[in-house]
Amino acid sequence: MSEHHDLNSSQREAVRYQDGPCLILAGAGSGKTRVVTHKIARLIQECGLEAHNIAALTFTNKAAREMQARCSALLPDGASRGLTVCTFHALGVSILRREAVHAGLKPQFSILDSDDAYAIIQDLAATTDRALVRRLQNQISLWKNGLVTSEAAQASSTDDATSRAARIFRDYNATLAAYQALDFDDLIVRPVELFEQMPEVLYRWQSRLRYLLIDEVQDTNACQYRLLKLLAGPRAMFTAVGDDDQGIYGWRGATLENLAQLQRDYPNLKVIKLEQNYRSSGRILAAANALIAHNPKLFEKKLWSELGPGEPVIVAAMNDEAHEADSIAIRISALRFERRGKYSDYAVLYRGNHQARVLEQALRRERIPYVLSGGQSFFERAEIKDVCAWLRLLANEDDDPAFIRAITTPKRGIGSATLEALGAYAAKRHLSLFAAACESGFSAQLDARRIEPIEQFTTFVNRMQWRAAREPAGIVLRDMLSAIGLEAWYLDSQDQRAARDRLQNIEDFCGWIEQRAQQDGKTLAELTQLVALIGMLDEKSEDQDAVRLSTLHAAKGLEFPHVMLVGVEEGLLPHKGSADDPATALPARLEEERRLLYVGITRAQRSLHISWCKKRKRARDFEMRERSRFLDEIEIEASAAPEDPTPGLSPQSRLAGLRELLNKTRASSGS
DNA sequence: GCACTTTATGTTTTT
DNA sequence: CATAAAGTGC
């Protein structure tokens, strides 16, 4: 719910302006979501636009959900029905589903996650070198996002490695086409190609989406920008919201240049700056401003605040990551006790997902509830991917990665040798694995013992497909799971606790599918595509009173009364490779690392605690670390904070004192 | 030939 | 410490 102070004059201007393309430069905490939601409400209520003529695009599902919720809250019941609020990728799926015929796809196309894509590339490159495969995958993604075709990549390659990558790119595309599958990048690339080749299809979408709102434009890549331009068309009725200081997805092909490009492409672009910060107290904002002042500016912008100076920013040096995590846990307990606040007022933010592990251990030890955001999403868990493979196969039997996963889960007497024979046969006949398995030509090659499980499998899949097209999604799903014996298979494994966790996750998943099937009337096939894009983790954990553990990237767009930034060290933030080698590291990389810390700092409302470790465990031994150069940049201009929060007392003895206090409290409250 | 157990290995960030 | 390749019963 938004606090109901009136909009300030720039916010009002941003809401009202709709004579043409509009760019809102929204500093951190300047109320941009308020502006966007108010603008949507105004378009519907006062400007005579239908909700289904408006689309608001975001980058994350979380942002989409929040915007959706706030729009519904702002508008009378039902008035937001038909409004499109989703991620770029989800819009891509809707477009491709509806225009499947024109895009040369079946509407039931599969969506591959990056693990599937990785496996395909590994196969094509015929290597086990993980770093190489990752590089190839990355290169292909950058090519796609830059709208470079495999032919163009081949033509422009000057060295052997690039030329080989371009060949793999071509084969990769061919493989995906054979599978009737798309990767994440295709969800944007294919609509762009479709619109450019078929103007009449584009026209249909332009007349449906009459007003566009785009969140976080600074994170758009060339491809997304193109999609935006195509959809906006010559009418150019859109509002883009962004902040050049918060661009943190350069590694994904996003380019801040798009902000400037917007001005070049739309000379009549109205630029409105939101510079009043409603979120952070003075010292926090001063630290943020001091830091970001070290970056070159695309647009001049100075955040200011009417809130008081607040608490000093604390910078603490820790011995190692275990010490850091313990100290964070105890600090949260102590502060929450002192302030009588909620756990959910606290967030611990870090650079890399692996840093969460120590923090989790420390928080568990102190019995502090926490939720993890970012990192492995619910849908990336092995058991969920097992179930999803079955669903994908039902929707699209040409989906070979799904076929392999499904036919081997649980094990049914079909092993690598049989699959290899099947793969060879399928390749020779240009068939998908499933189609090959159904052919009599293939069974003729095998002895009867090995044919039987395959025939059983294909018959079973066909029967479930038949049912999936007719019966409610939830029932089909549950019947299928019990028929394939997943439950027994997991329980057979040695770790009973893990098995029960898995079954619970599968149960949650079934519940989720059931609910969505009933609520939105979606088919199993549609839900399968949705599942590939959505993380359910956050949906489940949003209302809990728990400390939030999050990567800096995943924290964008969120705010917390108390924020703790951990691991603010050279090598981690800035990350090594972004700064290490001045010969290869572009200044842009370092600037992005700086923006990442800026994003972290500006999440904080009332207090900010930054820590770094003098040494950190790497492989088996410790590695000495230096505090991040960014800390110097903050402290020169911001109020200098003591490294040790309690002078005269060593951190260890202070922690011991706090722990004692907490133990007493816990004992007396009896939990 | 299939499924399961041991051993080398190497860590950014997300749809 | 978690994943993926190579090795061992069945």
Side-chain angles (χ1 to χ4, degrees), chain A residues 57-64 86-93 111-115 117-119 122 127-131 133-134 137-138 141 144-145 182-189 216 219-221 223-224 247-254 349-358 360-361 373-377 379-380 382 408-421 446-447 449-450 453 489 492-494 529-535 537 550-556 567 571-579 589 592-593 595-597 599-600 616-620:
Chain A
L57 299 181
T58 63
F59 275 85
T60 63
N61 296 299
K62 201 188 304 168
C86 66
T87 63
F88 269 91
H89 292 85
L91 178 69
V93 174
I111 300 167
L112 301 185
D113 67 16
S114 27
D115 290 345
Y118 178 95
Q122 186 179 53
T127 174
T128 57
D129 181 348
R130 285 168 74 188
V133 180
R134 275 179 77 106
Q137 190 175 15
N138 211 258
S141 175
K144 283 195 179 189
N145 287 323
L182 301 179
D183 64 17
F184 287 133
D185 300 323
D186 288 331
L187 298 178
I188 316 290
V189 176
E216 317 270 19
D219 289 331
T220 50
N221 57 39
C223 196
Q224 287 157 333
I248 53 176
Y249 287 101
W251 50 273
R252 208 167 73 178
L349 309 182
Y350 39 83
R351 177 65 224 262
N353 277 310
H354 62 279
Q355 290 173 265
R357 174 154 268 107
V358 222
E360 283 188 83
Q361 285 166 3
S373 70
Q376 198 192 36
S377 93
F379 291 107
E380 281 162 26
T408 52
T409 316
K411 302 286 180 267
R412 47 169 51 70
I414 297 166
S416 48
T418 312
L419 283 178
E420 230 163 83
L446 292 178
D447 51 295
R449 179 182 268 123
R450 282 160 71 190
W489 191 58
D492 265 352
S493 67
Q494 69 291 61
Q529 287 175 337
L530 206 65
V531 156
L533 300 177
I534 290 187
L537 199 71
S550 168
T551 61
L552 287 162
H553 283 89
K556 186 151 83 149
L572 208 50
L573 190 67
H575 198 272
K576 60 173 178 300
S578 307
R589 299 282 304 273
E592 181 154 310
E593 296 291 308
R595 289 193 293 270
L596 196 50
L597 179 55
V599 166
R616 190 170 284 272
K617 208 172 199 161
R618 184 156 176 84
R620 45 190 137 293

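In the text below, chain A, chain B and the rest are named by the order of the sequence lines, each starting its count at 1. Heavy atoms only: backbone and side chains are in, while hydrogens, waters and symmetry mates are out.
- Per the geometry, CZ belonging to A:Arg357 stands 16 Å off P belonging to B:dT11, to the nearest Å.
- Under the salt bridge (charged side-chain N to carboxylate O under 4.0 Å, His left out) criterion, A:Asp113 pairs with A:Lys385, not counting sequence neighbours.
- Within the 4.0 Å cut-off from OP1 or OP2 of B:dT14, at least one side-chain nitrogen or oxygen of A:Asn353 is found.
- Taking the six-membered ring for Trp and the full ring otherwise, the centers of A:Trp251 and A:His575 sit at least 6.0 Å from each other.
- Rounding to whole angstrom units, NZ of residue A:Lys556 and P of B:dT15 are separated by 12 Å.
- Atoms CZ (A:Arg616) and P (B:dT11) sit 17 Å apart, rounded to a whole Å.
- Residue A:Trp251 and nucleotide B:dT13 are classified as a stacked aromatic pair, their ring centres being separated by less than 5.5 Å at an interplanar angle below 30°.
- Using cut-offs of 30° and 60° for the angle between ring planes, the A:Phe184 and A:His89 rings count as perpendicular.
- The interatomic distance linking A:His354 (NE2) with C:dT3 (C1') rounds to 16 Å, in whole Å.
- For the pair A:Phe59 CZ and B:dT13 C1', the interatomic distance rounds to 15 Å; values are reported in whole Å.
- In this structure, the CG atom of A:Asn145 is 18 Å from the P atom of B:dT13, given to the nearest Å.
- Atoms CG (A:Asn221) and P (B:dT14) sit 16 Å apart, rounded to a whole Å.
- Listed nucleotides: B:dT15, B:dT14, B:dC2. Nearest to the side chain of A:Ser114: B:dT15.
- Rounded to an integer number of Å, the gap from A:Tyr118 OH to C:dT3 C1' is 10 Å.
- Comparing A:Phe184 and A:Arg130 against DNA chain B, the residue whose closest nucleotide sits nearer the 5' end is A:Arg130.
- Between the side chain of A:Glu592 and the backbone N or O of A:Gly250, at least one donor-acceptor pair lies under 3.5 Å.
- The nearest heavy atom of DNA chain B to A:Asp185 and to A:Ala131 marks one nucleotide each, and the one closer to the 5' end goes with A:Ala131.
- Screening A:Leu187, A:Asp219, A:Thr220, A:Thr58 for a side chain to side chain contact (heavy atoms under 4.5 Å, CB included) involving A:Phe88 leaves a single residue, A:Thr220.
- Residue contacts for A:Gln122: at a heavy-atom cut-off of 4.0 Å it reaches the sugar-phosphate backbone alone, with no base atom in range.
- Remark: the separation of the P atoms in B:dT13 and C:dA4 is 16 Å, to the nearest Å.
- As judged by a 4.0 angstrom heavy-atom cut-off over every strand, A:Phe88 is placed among residues making no nucleic acid contact.
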